[in-house]
Structure formats: structure tokens, C-alpha cells
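Heads up: the structure comes next, in C-alpha cells.
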Amino acid sequence: VFHLSHKVTRVVPESALLIVLGIALGGIVWAADHIASFTLTPEVFFFYLLPPIVLDAGYFMPNRLFFGNLGSILLYAVIGTVWNAATTGLSLYGVYQTGIMGNLGSGLLDFLLFGSLIAAVDPVAVLAVFEEVHVNEVLFIIVFGESLLNDAVTVVLYNVFETFVRLGPEKVTGIECVKGVVSFFVVSLGGTLVGILFAFLLSLVSRFTKHVRIIEPGFVFIISYLSYLTAEMLSLSAILAITFCGICCQKYVKANISEQSATTVRYTMKMLASGAETVIFMFLGISAVNPAIWTWNTAFILLTLVFISVYRVIGVVIQTWILNHYRMVQLEIIDQVVMSYGGLRGAVAFALAALLKENEVKDKNLFVSTTIIVVFFTVIFQGLTIKPLVQWLKVKKTEHREPKLNEKLHGRAFDHILSAIEDISGQIGHNYLRDKWSNFDRKFLSKILMRRSAQKSRDRILNVFHELNLKDAISYVAEGERRGSLAFIRSPSTDNMVNVDFNTPRPSTVESSVSYLLREKAGPVCLDMQALEQRRKSIRDTEDTVAHHTLQQYLYKPRQEHKHLYSRHEIMHSEDEKQDKEIFHRTMRKRLESFKSTKLGINHSKKLNKIHKRDRGQKRRNSNVIPNGKIPSEISVQDFTLKEKDLEFSEAEENNDYETLHLGKGVDFLADVTKQNFTENSTG
């Protein structure tokens with residue numbers, strides 16, 4: 001319903017609309033039962049709703065952008081999150097000591113625990129808002145990558161401080177703090193390692209699923225989810241595990257699985273992630289309508305909102321100032337404003353707050369209430385205002401277009417040049433490491449994790465050539481349909497053109513080549529097969545022609561009676577697919593028939609004359625046998641000879657079938673013709 005009117009979704013983010021809808025539904029349920037029947041429990045959130053979203057984010061992550069900015073992302077995610085958690089918690093505790101907040105039952109560790117859970121920039125909220133804003137790729141990947149990785153950092157920090165709260169302030173010694181720091185690195189790196197191992201396992205399994213295509217998509221979801229559960233079971237970072245499982249497996253899995261399976265994986269993953277996101281935001285709204293969880297403290301809530309915003313800005317400015325000394329592409333002031341404003345909190349913070357135990361944290365309800373207010377404020381208010389802010393600041397936006405071949409070639413050349421310069425100068429930078437990794441991947445990993453047919457089909461030059469051919473064919477046919485004929489192809493302006501784009505107006509160029517002069521001086525010779533057939537006066541020939549065209553056009557229809565076999569383990573190829581391909585090829589051949597025959601008759605008349613002379617003897621021998629024993633009076637002998645010659649080459653064109661579809665020049669076509677011996681039909 002939201003997307004029926006783009007006027008609404010263009011102004012209000014979908015996440016904000018879902019929260020409002022959730023509050024309305026929660027109000028209806030509360031009015032009916034006077035009890036909060038539905039709440040977002042942490043178990044449901046962490047085990048069922050979060051994994052599809054994180055897997056989707058990892059599997060469709062632009063790897064080059066992500067790893068190219070990994071240093072910046074890690075700095076913002078790790079140092080930035082620790083900074084936000086510590087400063088927010090300490091500031092709230094300092095203000096509490098002044099007595100403004102009244103009497104609370106929390107100590108320093110409780111405030112630090114709250115600071116750790118409220119510091120989480122939520123990937124679900126960031127994705128929901130930033131996808132509609134369309135900021136440039138670098139800014140998007142830094143904000144999104146930070147939100148994805150700092151979730152894991154937040155969960156680890158939360159666990160450390162929760163352990164400290166459970167132990168009590170008197171038992172927290174220097175050794176315990178060192179253990180906390182070490183566990184932070186163990187949990188983060190361990191989760192990443194588990195994700196990479198499961199990614200390689202998934203790639204290896206997908207290599208051997210050629211004969212069980214029907215269950216290929218299942219492996220992608222099950223093994224990815226297993227990485228999440230395994231990391232959770234080992235008390236490692238499950239979010240990092242499933243993120244890196246998706247990032248590391250995508251290249252090999254996409255190469256190994258079939259096109260149908262890849263489409264299934266893509267749409268199923270998007271559907272699950274979109275559904276989980278919808279459920280999360282709706283249940284955030286529904287969970288808020290529960291008087292039992294609300295404890296109001298104006299000073300605490302307002303100061304929390306102020307501190308998380310102020311310290312976010314300070315952290316971003318300081319870290320960016322440090323980063324800009326090392327970054328090639330500088331992060332400008334405008335980018336820093338968007339990054340500071342894009343610190344949206346979401347369901348992760350709420351789920352962590354709901355996980356608190358009342359017997360350990362006395363002010364649990366206050367922390368939950370504050371978290372809900374913070375989530376609603378950031379998602380609704382900041383989500384509503386970030387788009388006008390981006391437009392007002394004139395932030396560089398992303399361009400939704402495929403890079404041109406020229407750009408790809410120059411980009412590849414610059415990559416090689418930069419890695420060579422780094423190699424020669426002895427510096428180990430991004431380009432050097434990327435080059436070494438791609439070599440290692442090509443020599444070892446791809447051979448182990450990718451099936452042989454996929455390795456062979458990865459030849460980039462052939463892929464580019466194939467794409468260009470397809471693009472040209474589609475452009476020609478689309479333009480022909482728009483103009484109503486393919487006559488424009490014969491004009492000199494489109495001769496020798498590659499990578500044609502008919503959308504842009506082209507200046508008409510006059511060509512003074514021999515082929516152009518020959519084309520201009522071509523005689524009124526009919527090269528159209530249909531026109532020749534219509535001229536025939538013989539009833540029998542007309543009937544044969546009609547029967548031939550009928551059979552040619554409708555021969556595929558009886559195949560629909562083919563009995564389809566049922567198999568649970570594979571999808572049987574439908575006969576309709578073959579028929580569709582056959583009809584497509586035939587239609588393309590018909591559309592290009594007049595274009596080819598014209599080029600044949602004009603561009604290389606000398607070669608035609610040679611072939612005509614060579615076959616003249618054979619034609620003389622066969623010319624004695626004509627329909628009804630005499631030449632029709634209304635058609636001259638010369639015209640009939642021309643017709644025979646034209647028919648000969650039309651026949652050659654039909655025999656060459658699919659090969660000639662790819663030939664744009666008469667030379668190649670004639671070379672094909674000379675290899676074959678055609679028997680002249682007496683009736684043409």
C-alpha cells in the first residue's frame with residue numbers, strides 16, 4: 001500500500017511508516033485485550049530476523065569497494081563504537097552524580113553497559129534510509145560497512161560489560177579488564193574466521209552440485225545459517241561470521257551454480273531480508289505499546305539523545321581528520337555531516353536492552369524506554385530529514401549506470417600500473433595486496449573452489465565481445481521495429497559501426513568509398529525472396545511456397561504434445577523453451593534477411609562475378625529444363641538468370657543458418673559460400 005503512491009515513500013522512509021503502523025496495530029491490540037500480546041523478543045530477533053538481513057548485506061556486498069575502504073570502516077566501527085559507548089556512559093554517570101536525574105539504582109558499570117548498547121548504529125535502519133537517498137558509493141559503503149561491523153563490536157562490548165555487572169564492581173580488577181580486551185579480539189576475529197571457513201565449505205559444495213540443481217539454492221541458505229549458529233554456539237561473533245560467509249562465498253557460488261539457481265538465491269534472499277526488515281520495524285512499533293515497560297525520566301532521555309548526537313559528531317570529525325592523512329580520496333566536510341547524521345539506531349539496540357536482567361540491572365525499564373525513544377527519534381526524525389539535508393548540501397550522488405568498455409579498460413590499466421609502481425618502490429599498499437590476492441586466487445583458490453567449466457567461461461575478453469555483439473543485435477532490431485523497416489541499416493552512416501546506440505542523434509556522414517558508390521549505382525535487381533515467389537505464375541509453385549512457409553512457421557506446434565516426465569531431483573527442460581529459442585532465431589533471421597542479401601549483392605560484385613563465371617557452365621547444362629518446357633514470355637532470359645543467381649545466394653543464406661547471424665560483412669559470407677557446393681535446382 002505504501003508503494004502505490006510514490007509521493008509518500010519519496011518523502012517518508014518505509015521504516016518510519018512501518019513503525020507508525022506498528023504503533024497503530026499495537027494500540028488496537030491493547031484496546032481490545034488490555035495486554036501486550038506481541039513483543040519483539042531478543043531470541044526471535046537474533047536467531048530468525050537478523051541473519052537474513054546480514055546475509056543479504058554480505059552476499060551482495062560490492063567487494064572491491066568494501067575491501068578498498070576496509071581500513072576506514074574498521075576505524076569507524078571499532079574505535080568509533082568504543083568512543084561512543086565510553087563517552088556516552090561516562091557522561092550520563094557524571095550528570096547522574098550531580099543529582100539532576102533523581103534517585104536511580106545504577107552504578108558506573110550499569111551506565112557503561114547502557115552506553116555500549118545505545119552506541120550501535122543499526123545496519124537495518126541505515127540500509128532502509130540510505131538506499132532511498134542514493135548517496136555516492138564511497139560514502140554509502142563507509143556508513144553501511146561501519147553499521148554492519150559495529151553491530152558485532154557492540155554485541156562484544158555488551159557481553160564484556162554484562163559480565164562486569166554480574167561480577168560486581170568490587171571484583172572487577174585490572175586482570176579482568178585485560179581479559180575483556182583480549183576476549184574482544186578473540187570473539188571478533190574468531191567469528192570472522194568461522195565465516196570464512198563456512199564460505200569455502202559452501203563454495204566447495206556448490207562445485208559438485210551439477211547433477212542436483214534443484215537443491216543448489218538450499219545449500220547457500222543452510223550453510224550460511226550454519227555459520228551463524230556455529231559462531232553463536234562457540235560464543236563468537238555470529239554477525240561477523242554470516243557477514244564474511246556471504247562476502248567470501250559470493251564469487252565462487254555465483255560461478256558454480258546454474259543461472260536458474262542464481263536467480264532463485266537472489267530473489268529468495270531479497271524476499272527474506274525484506275520480510276524480516278518489515279517484521280522488525282512493525283514489531284518495534286507494536287512493542288512500544290506496553291505500559292509495563294515504560295519508566296519515564298526526562299533528564300535521562302533528553303541527555304541520552306544529546307550525548308549520542310554530540311559524541312557521534314566529535315568522533316567522526318576526529319577520526320576523519322586522522323584518516324584524511326592516509327586516504328587518496330579525501331572525506332570532505334559534507335561527507336562528515338552525512339556520516340554524523342546517519343548514525344541511526346534500530347532493533348539491535350532494542351533487543352540488547354530487552355536482554356537485560358532486572359535482578360542485575362535495577363533500571364532495566366528506564367533503559368528499555370530510553371532505547372525505544374532513541375530508535376523512534378533517529379529512524380523517524382533523522383530518516384525524514386536526511387534526504388532534504390543531502391539535497392541541500394548537494395552531496396555527490398551515485399550514478400546508476402553500467403561503466404563503459406573504455407572506462408573498464410582504463411580502470412584495469414590503472415590498477416596494473418599502480419600495483420607495478422607499488423611493487424617497484426617497495427611499498428605494500430591496496431593495489432599491491434589486491435594484485436597478489438588476485439594472483440593467489442587465480443592459481444589456487446579458483447582451481448579448488450570453482451568447477452572447470454566455470455573457470456573456462458571466465459575469459460573476460462570473450463565475455464566483453466559477446467556482450468557487444470548482443471548489444472548491437474538488440475539495438476539494430478529495436479531500431480528497426482521503431483522505424484518499421486531495416487532499410488536504415490543500408491545507409492552509409494551505419495556502415496562499420498560497433499556498439500551502436502540509436503538513442504543519441506548521429507550526424508549524417510557522407511562516405512566516398514567504393515562500396516558506397518557501388519551501392520548508389522546498383523541496378524533495379526530484385527533480391528527479395530518473397531517478391532520473387534509472388535511473381536511466379538505457376539499454381540503448383542505457389543502451393544508449394546505456401547505449404548513451405550506454413551510448415552516452416554508452424555512445425556513446432558505438434559511438439560507441444562511431447563510427454564513431460566516428472567522428476568523430484570531435477571527440473572525437466574520444457575519444450576516451450578526450445579520452441580521460443582527457435583522462433584526467436586527464425587524471427588531474427590527473417591528481419592536480417594533483406595539486409596544481408598542487399599549487402600551481398602552490392603559490396604562485393606567482383607567476387608560475385610567470379611563465382612558466376614565459375615558456375616556458368618553448370619547453369620547452362622541445367623537451364624534446358626524449365627517449367628512447362630519453355631521460358632515464360634513476360635520474363636526475359638536475363639531476368640531469369642538473375643533470379644537463379646539471387647536464389648542461389650538466398651539458399652546459401654538459409655543453409656548457413658546461425659553462423660551467418662554473427663557475420664556483418666559480405667566477405668566473410670562469401671568465404672563461407674565458396675566452401676560449399678550447391679546443386680542448382682531446375683525450378684529455382
*When you measure from the side chain of Q336 to the backbone N and O of L331, does any donor-acceptor pair fall under 3.5 Å?*
yes
_L65 backbone acceptor or donor facing N69 side chain under 3.5 Å_ = yes
*What orientation do F114 and F300 show, parallel under 30°, tilted 30 to 60°, or perpendicular over 60°?*
tilted
*Do T320 and Y76 meet the criterion of a side-chain donor-acceptor pair at a distance under 3.5 Å?*
yes
*More than 12 heavy atoms of other residues, nucleotides or ligands under 6.0 Å from NZ of K387: is that the case?*
yes
_Spacing of L201 atom CG and L449 atom CG [to the nearest 0.5 Å]_ = 10.0 Å
*In terms of ring plane angle, is the pair F200 and Y252 parallel, tilted or perpendicular, where the classes change at 30° and 60°?*
perpendicular
*Got a sec: does the CG of N103 have more than 12 other heavy atoms crowding it under 6.0 Å?*
no
*Euclidean distance, L344 CG relative to S147 OG, rounded to 0.5 Å*: 9.0 Å
*Would you say S237's side chain and G191's backbone share a donor-acceptor pair under 3.5 angstrom?*
no
*Could you check K254, R266, E216 and say which one makes a side-chain hydrogen bond (donor to acceptor under 3.5 Å, both in side chains) with S261?*
E216
*For A349, which residues count as a side chain to side chain contact (heavy atoms under 4.5 Å, CB included) partner, sequence neighbours excluded?*
T371
*So Y96 and F111, would you call those rings parallel, tilted or perpendicular, with 30° and 60° as cut-offs?*
tilted
*asked:* Let me confirm one number: the CG-OG1 distance from L17 to T278, rounded to the nearest 0.5 Å.
replied: 11.5 Å
*Drop me the distance from L366's CG to L356's CG, to the nearest 0.5 angstrom.*
11.0 Å
*Answer yes or no: is there a donor N or O on one side and an acceptor on the other, between the side chain of N136 and the main chain of K396, under 3.5 Å?*
yes
